[in-house]
Trainee: 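What follows is a structure written as structure tokens; I'll ask about it next.
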Amino acid sequence: MRENGPVTSATRQPETPAAALPPRLIATDLDGTLLRDDKSVSERTVAALAAAEEAGIEVFFVTGRPARWMDVVSDHVHGHGLAICGNGAAVVDLHGGPGAHRFVKVRELARENALDAVRLLREAAPGTVFAVEQTYGFYQEPAYPKLHMEIPDNLAPAERLLAPDGPGAGEPVLKILAFHHELDPDAFLTVARRAVGDRATITRSSPSALLEISGPGVSKASTLELCCAERGISPEEVVAFGDMPNDVEMLTWAGTSYAMGNAHPDVIAAASGRTVANNEDGVAVVIEKILAERL
């Protein structure tokens, strides 16, 4: 999940690391990475994704988005049709199209851990407001801002939303969202990680002070690692792309990784290479080079 807006200036020419092994899987973030700022997928990128799949390289979309927001790429799935959503909280089969997706794997955030995180963040950063993302439902506190252009299924304090008999009690919690109106985004992330500790995984993908809180050990990287292990694919055979702090673990884990030209400084530091910005089709630029080298 990421709102529009560049974080750093674009890099004009890709900085290309040497891949240890020929790639078998491409893992790409969506917002700020594969998608342009208007949320479109360019014709050049569509062609590059299709060419990669035709060459036998699997493409995984790995995003902070919930499954219901995957319509932006549902026309571009090939072969397996799987996507990693919610920062690793779910693996989703997109073959059915918008509204008909199937959850293949769910790595939920236990409600007791979520309640601990809410309590600790209220103490560490007064004024924090929360929303709850479940497999199909979305719930929020009344003071939580309208960030996601959708109508929540229920408005109530987070403690009520996460109660055993609360709304959506029969659904797994994928993550909770924490928003602060005043804190600097990176400072808020630091405060939250220190306060919550190992009770949850905390990251961010928005330029605003919006945190995404998942189960302990749940990240894009850890779920991608599970999916690759099932396919006999090693980290050295993975090429990954990202632009925000929620991509750092994935870029560090992959054998070859690229920060976008518009990436957060932490992402640039974590990646082994750098490509041009999302609005300049940075993912497609690298895929085209990979395929050209295979000829």
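Residue numbers count from 1 along this sequence. Below, each value reflects all heavy atoms present in this structure, side chains not excepted, and no hydrogens, waters or symmetry copies.
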Trainee: Is the shortest side-chain N to carboxylate O distance from Glu159 to Arg119 below 4.0 Å?
Mentor: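 No, Glu159 and Arg119 are not salt-bridged.
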
Trainee: Check the hydrophobic clustering (I, L, V, M, F, W, Y; side-chain heavy atoms under 4.5 Å; chains of links allowed) and say if Leu210 and Leu109 are grouped together.
Mentor: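 Hydrophobic grouping puts Leu210 apart from Leu109.
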
Trainee: Should Val248 and Ile202 be counted in the same cluster of Ile, Leu, Val, Met, Phe, Trp and Tyr side chains packed under 4.5 Å apart?
Mentor: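 No: no chain of side-chain contacts under 4.5 Å links Val248 to Ile202.
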
Trainee: Side chain of Thr63, backbone of Arg65: donor and acceptor closer than 3.5 Å?
Mentor: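 Yes.
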
Trainee: Using the six-membered ring wherever Trp is involved, compare the ring planes of Phe138 and Tyr144 and label them parallel, tilted or perpendicular (cut-offs 30° and 60°).
Mentor: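 Correct class here is perpendicular.
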
Trainee: Do side-chain atoms of Arg204 reach the backbone of Ser206 as a donor and acceptor pair under 3.5 angstrom?
Mentor: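 Yes: the side chain of Arg204 pairs with the backbone of Ser206.
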
Trainee: Looking at Asp37, is its backbone amide N or carbonyl O close enough to the side chain of Asn279 to form a donor-acceptor pair, meaning the two atoms are under 3.5 Å apart?
Mentor: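 Side chain of Asn279 to backbone of Asp37, a donor-acceptor pair under 3.5 Å: yes, one is there.
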
Trainee: Do other residues, nucleotides or ligands put more than 12 heavy atoms under 6.0 Å from the CD atom of Glu171?
Mentor: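 Correct, the count exceeds 12.
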
Trainee: List the steps and the verdict of side-chain hydrogen bond (donor to acceptor under 3.5 Å, both in side chains) for Arg107 and Ser222.
Mentor: CA-CA 10 Å; Arg107 305 180 69 195; Ser222 61; 2.8 Å; yes

Trainee: Indicate whether any N or O donor in one side chain lies under 3.5 Å from an N or O acceptor in the other, for Thr128 and Arg122.
Mentor: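 Judged by distance alone, the side chains do not pair up.
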
Trainee: Is Glu58 salt-bridged to Arg231, cutoff N-O under 4.0 Å?
Mentor: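 Yes, this pair counts.
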
Trainee: Within the 4.5 Å heavy-atom criterion, are Thr203 and Arg193 side-chain neighbours or not?
Mentor: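 Yes, side chains in contact.
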
Trainee: So, does Ser257 use its side chain to make a donor-acceptor pair with the main chain of Ser272 at under 3.5 Å?
Mentor: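 Indeed, once roles are kept as given, a pair shorter than 3.5 Å links the two residues.
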
Trainee: Backbone N or O of Val59 within a donor-acceptor pair of the Glu53 side chain at under 3.5 Å?
Mentor: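 Indeed, once roles are kept as given, a pair shorter than 3.5 Å links the two residues.
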
Trainee: Under 3.5 Å, is there a donor-acceptor pair linking the side chains of Asn87 and Ser214?
Mentor: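 No pair is found: no donor N or O on one side chain lies under 3.5 Å from an acceptor on the other.
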
Trainee: Is there a donor-acceptor pair under 3.5 Å between the side chain of Asp184 and the backbone N or O of Ala187?
Mentor: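 Yes; at least one donor-acceptor contact below 3.5 Å.
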
Trainee: Give a yes or no on whether the backbone of Gly232 and the side-chain of Arg24 come within a donor-acceptor separation of less than 3.5 Å.
Mentor: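 Looks like yes, one N/O pair under 3.5 Å.
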
Trainee: Do Leu177 and Ile213 sit in the same hydrophobic cluster, where Ile, Leu, Val, Met, Phe, Trp and Tyr count as joined when their side-chain heavy atoms come under 4.5 Å apart?
Mentor: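 Looking at the clustering, Ile213 is in a separate group from Leu177.
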
Trainee: Val173 versus Arg111: any side-chain heavy-atom pair under 4.5 Å?
Mentor: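 Yes, side chains in contact.
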
Trainee: Step by step, work out the side-chain hydrogen bond (donor to acceptor under 3.5 Å, both in side chains) result for Asn278 and Asp243.
Mentor: CA-CA 9 Å; Asn278 61 316; Asp243 73 308; over 6 Å; no

Trainee: Between Glu237 and Ser234, is there a donor-acceptor pair closer than 3.5 Å when you use the side chain of the first and the backbone of the second?
Mentor: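 Confirmed, Glu237 side chain pairs with Ser234 backbone.
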
Trainee: Quick check: does any side chain N or O of Lys175 sit under 3.5 Å from a backbone N or O of Gly64, one acting as donor and the other as acceptor?
Mentor: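 Checked: pair present.
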
Trainee: Quick one: are Phe188 and Leu211 in side-chain contact, heavy atoms under 4.5 Å?
Mentor: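 Side-chain contact under 4.5 Å: yes.
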
Trainee: Checking Glu212 against Ser205: is there a side-chain donor and acceptor pair closer than 3.5 Å?
Mentor: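 Their side chains do contain a donor-acceptor pair, which is all the 3.5 Å distance test asks for.
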
Trainee: Are the side chain of Thr201 and the backbone N or O of Gly217 linked by a donor-acceptor pair below 3.5 Å?
Mentor: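 Indeed, once roles are kept as given, a pair shorter than 3.5 Å links the two residues.
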
Trainee: Considering only NZ, NE, NH1 and NH2 on the basic side and carboxylate oxygens on the acidic side, decide whether Lys220 and Glu225 come within less than 4.0 Å.
Mentor: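 Salt bridge absent between Lys220 and Glu225.
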
Trainee: Do His264 and Asp186 pair up side chain to side chain, a donor and an acceptor below 3.5 Å, judged on atom types alone?
Mentor: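 Judged by distance alone, the side chains do pair up.
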
Trainee: Before we go on, tell me: are the rings of Phe103 and Tyr136 under 6.0 Å apart, centre to centre?
Mentor: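 Phe103 vs Tyr136: aromatic centres under 6.0 Å.
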
Trainee: Do other residues, nucleotides or ligands put more than 12 heavy atoms under 6.0 Å from Glu43 CD?
Mentor: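 It does not: Glu43 CD has 12 such atoms or fewer within range.
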
Trainee: Is the closest basic N to carboxylate O distance between Arg160 and Asp165 below 4.0 Å?
Mentor: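 Here Arg160 pairs with Asp165 in a salt bridge, since their nearest N and O are under 4.0 Å apart.
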
Trainee: Does a salt bridge link Glu288 with Arg294, judged by any charged N lying under 4.0 Å from a carboxylate O?
Mentor: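 No.
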
